2 protein chains.
Amino acid sequence: MTGKQFSSVWTRDPRPAKSPGRSREEIVRAAMELLDAEGLDGLSMRKLGAKLDAGATSLYWYVANKRELLELVYDEIWGEMTVPPEETKWWRQTAGAFAHSMRRVMLRHPWSAGLIGRTPALGPNALEVTSRLTRAFKGAGFRGLEIDYAASTLTAFVFGTTIPEVAYNEAMARDPLDEDSMREAVERAAAAHPDLLERMRESKPADLRESREMMFTFGLAAVLDGLEARLTA
Amino acid sequence: MTGKQFSSVWTRDPRPAKSPGRSREEIVRAAMELLDAEGLDGLSMRKLGAKLDAGATSLYWYVANKRELLELVYDEIWGEMTVPPEETKWWRQTAGAFAHSMRRVMLRHPWSAGLIGRTPALGPNALEVTSRLTRAFKGAGFRGLEIDYAASTLTAFVFGTTIPEVAYNEAMARDPLDEDSMREAVERAAAAHPDLLERMRESKPADLRESREMMFTFGLAAVLDGLEARLTA
DNA sequence: ACCTGAACACCGTTCAAGT
DNA sequence: ACCTGAACACCGTTCAAGT
């Protein structure tokens with residue numbers, strides 16, 4: 001015994017969920033609505049209670065604490081990701097489709113960016129996705145620990161790329177910034193670095209959304225190429 | 001004018017910093033100590049004030065708000081990262097050294113994981129690192145937008161891998177968990193996924209630190225291979 | 001079995017007032 | 001120029017008490 005018991009929503013039995021009263025499903029649905037509308041900081045037990053016409057503290061009957069509630073909504077996120085069935089030998093397509101799907105989900109639910117990688121992914125949906133991904137990489141030819149390494153590399157790339165994207169979107173949504181003033185401020189800050197200025201001028205603001213798409217596609221191709229290289233080595 | 005002015009600590013002139021009173025440096029140093037000791041959630045304006053023998057609200061003279069304070073400490077993080085001088089034609093080594101350095105800094109200051117990718121990196125240290133990295137990729141042969149894409153792919157991998165690592169460490173530090181009970185809980189959760197169970201059993205807990213190192217090395221090699229492939233294409 | 005309100009120990013931030 | 005305390009509008013969580 002080196003420490004206390006591991007505890008997670010997924011390791012405790014939920015309340016029986018009888019007919020009267022609220023249910024976890026109802027609470028999780030309301031929480032997601034609040035999160036989609038107001039972001040991670042916008043979710044408070046008090047607001048959530050109010051939304052459900054309940055006292056602020058009633059929720060503690062269904063959920064041990066806020067962290068557990070977040071574990072619950074977090075798994076919903078995984079439920080929205082898709083991993084094509086593994087039958088195909090084209091693991092690149094499977095992995096690529098998953099990567100795009102994961103990014104789309106994060107963009108759709110920006111608050112998830114604050115949870116991914118920080119919340120234990122032990123819910124049924126997360127396990128299902130992980131399992132499919134595992135099988136895909138196994139089918140590709142990876143063996144032993146490298147199955148995990150390959151899968152981790154892919155997901156690390158996806159959320160490492162998407163977190164900044166989401167953060168930028170969120171900041172902009174919170175208070176829209178004048179693009180010119182921003183550009184000017186950044187140029188002023190980078191004044192001492194000619195190479196950076198050059199880079200900035202070359203990358204026109206043009207269509208931000210499209211340029212991110214390009215960056216994602218570029219990086220994804222690189223990651224998949226790199227994994228493939230590990231396979232034949 | 002599509003929105004309001006962009007604002008960041010780096011775009012405003014700091015207080016003159018006369019002889020009496022506190023200084024930004026002093027405040028930032030104290031903030032980092034607090035962060036290292038108590039984590040991101042452990043930093044509050046009140047506690048920081050107390051640490052500096054000041055009223056809770058005195059800090060607002062030096063810093064517009066907490067976000068700005070975080071921008072300041074965030075740049076310190078970049079200051080601890082190293083990018084070898086670009087002269088070398090061995091961009092792989094430069095990029096690899098930076099990647100390892102970035103990871104080490106994140107492990108040393110776990111709270112930084114909550115800031116990276118979410119805080120505008122416009123401080124002098126961040127710009128210096130970005131600039132060196134840009135030159136390295138340019139030296140490697142990347143051109144135009146692909147310089148940015150390549151650099152983003154690398155950093156995305158690094159912090160995408162390191163965030164979960166840090167999160168796990170933090171959780172463990174907060175309340176140490178019995179490893180057996182954790183393993184058992186996870187196995188129970190994954191009961192319906194034989195492939196996951198198989199994976200778990202194969203990856204002995206053995207030396208967690210070492211297996212992460214291996215995972216990082218594996219992924220980094222893959223990412224660099226993938227980038228190199230983009231170069232010759 | 002389920003829900004409540006009061007209470008505790010916190011937050012970030014504003015602002016008038018002090019020196 | 002710099003610092004203060006009081007005040008406002010919030011937090012998560014506990015717990016005795018209600019139905």
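Because only heavy atoms are used, hydrogens play no part in the values below, and waters and symmetry mates are left out as well, while side chains stay in. Remember, predicted model here, so these are calculated numbers, not experimental data. Below, read A as the first sequence line, B as the second, and so on, with proteins coming before strands; counting in each chain starts at 1.
- Following rounding to the nearest Å, B/Glu38 (CD) and C/dC10 (C1') show an atom-to-atom distance of 13 Å.
- Contact annotation: A/Tyr60 side-chain N/O to C/dT4 OP1/OP2 distance is not under 4.0 Å.
- Taking atom CZ on B/Arg22 and atom P on D/dC2, their separation rounds to 11 Å, with Å as the unit.
- Side-chain polar atoms of B/Asn169 and B/Arg174 form no donor-acceptor pair below 3.5 angstrom.
- Under a 4.0 Å N-O distance rule, the pair A/Glu76/A/Arg29 does not qualify as a salt bridge.
- When rounded to the nearest whole Å, the span between CG of A/Leu70 and P of D/dC11 equals 14 Å.
- Using a 4.0 Å heavy-atom distance criterion, A/Ala56 is classed as making no nucleic acid contact.
- Candidate nucleotides C/dC8, C/dA1, D/dC3 were compared by shortest atom distance to the side chain of A/Arg46, and C/dC8 ranks first.
- Across the protein-nucleic acid pair, B/Tyr62 atom OH and C/dT13 atom C1' stand 18 Å apart, rounded to whole Å.
- Base pairing annotation: C/dC3 forms no Watson-Crick or G-U wobble pair, as no partner gives both donor-acceptor distances under 3.5 Å.
- Of all nucleotides present, only C/dG12 satisfies the Watson-Crick or G-U wobble test against D/dC8, with each distance under 3.5 Å.
- Residue B/Leu48 is classed as having no contact, given no heavy-atom separation below 4.0 Å to the nucleic acid.
- Salt-bridge annotation for A/Glu213 and A/Arg103: present, with a side-chain N of the basic residue lying under 4.0 Å from a carboxylate O of the acidic one.
- With a cut-off of 3.5 Å on both pairing distances, C/dA17 has no Watson-Crick or G-U wobble partner at all.
- Salt-bridge annotation for B/Lys51 and B/Glu33: present, with a side-chain N of the basic residue lying under 4.0 Å from a carboxylate O of the acidic one.
- Using a 4.0 Å heavy-atom criterion, one finds that A/Leu59 contacts no nucleic acid atom at all.
- No side-chain N or O of A/Thr134 forms a donor-acceptor pair with one of B/Asp195 less than 3.5 Å apart.
- If you take CD1 of A/Ile27 and C1' of C/dC2, they are 11 Å apart, rounded to a whole angstrom.
- Taking the side chain of A/Lys66 as heavy atoms from C-beta on, and the options C/dT4, D/dT4, D/dT13, the nearest nucleotide is D/dT13.
- Comparing A/Ala64 and A/Asp41 against DNA chain D, the residue whose closest nucleotide sits nearer the 5' end is A/Asp41.
- Note on ring orientation: taking the six-membered ring where Trp is involved, the planes of A/His100 and A/Phe216 are perpendicular (angle over 60°, cut-offs 30° and 60°).
- Of the side-chain N and O atoms in A/Trp61, none sit less than 4.0 angstrom from OP1 or OP2 of C/dC3.
- Between B/Glu26 atom CD and D/dC2 atom P the separation is 13 Å, expressed in whole Å.
- Between the CZ atom of B/Arg67 and the C1' atom of C/dC11 there is a distance of 18 Å, rounded to whole Å.
- Between the base of C/dG12 and the side chain of B/Ser44 there is no donor-acceptor pair shorter than 3.5 Å.
- Comparing atom distances between the A/Thr57 side chain and each of C/dG12, C/dT4, C/dC3 picks out C/dT4 as nearest.
- Computed from coordinates, the B/Leu52 CG to D/dC2 C1' distance equals 14 Å when rounded to whole Å.
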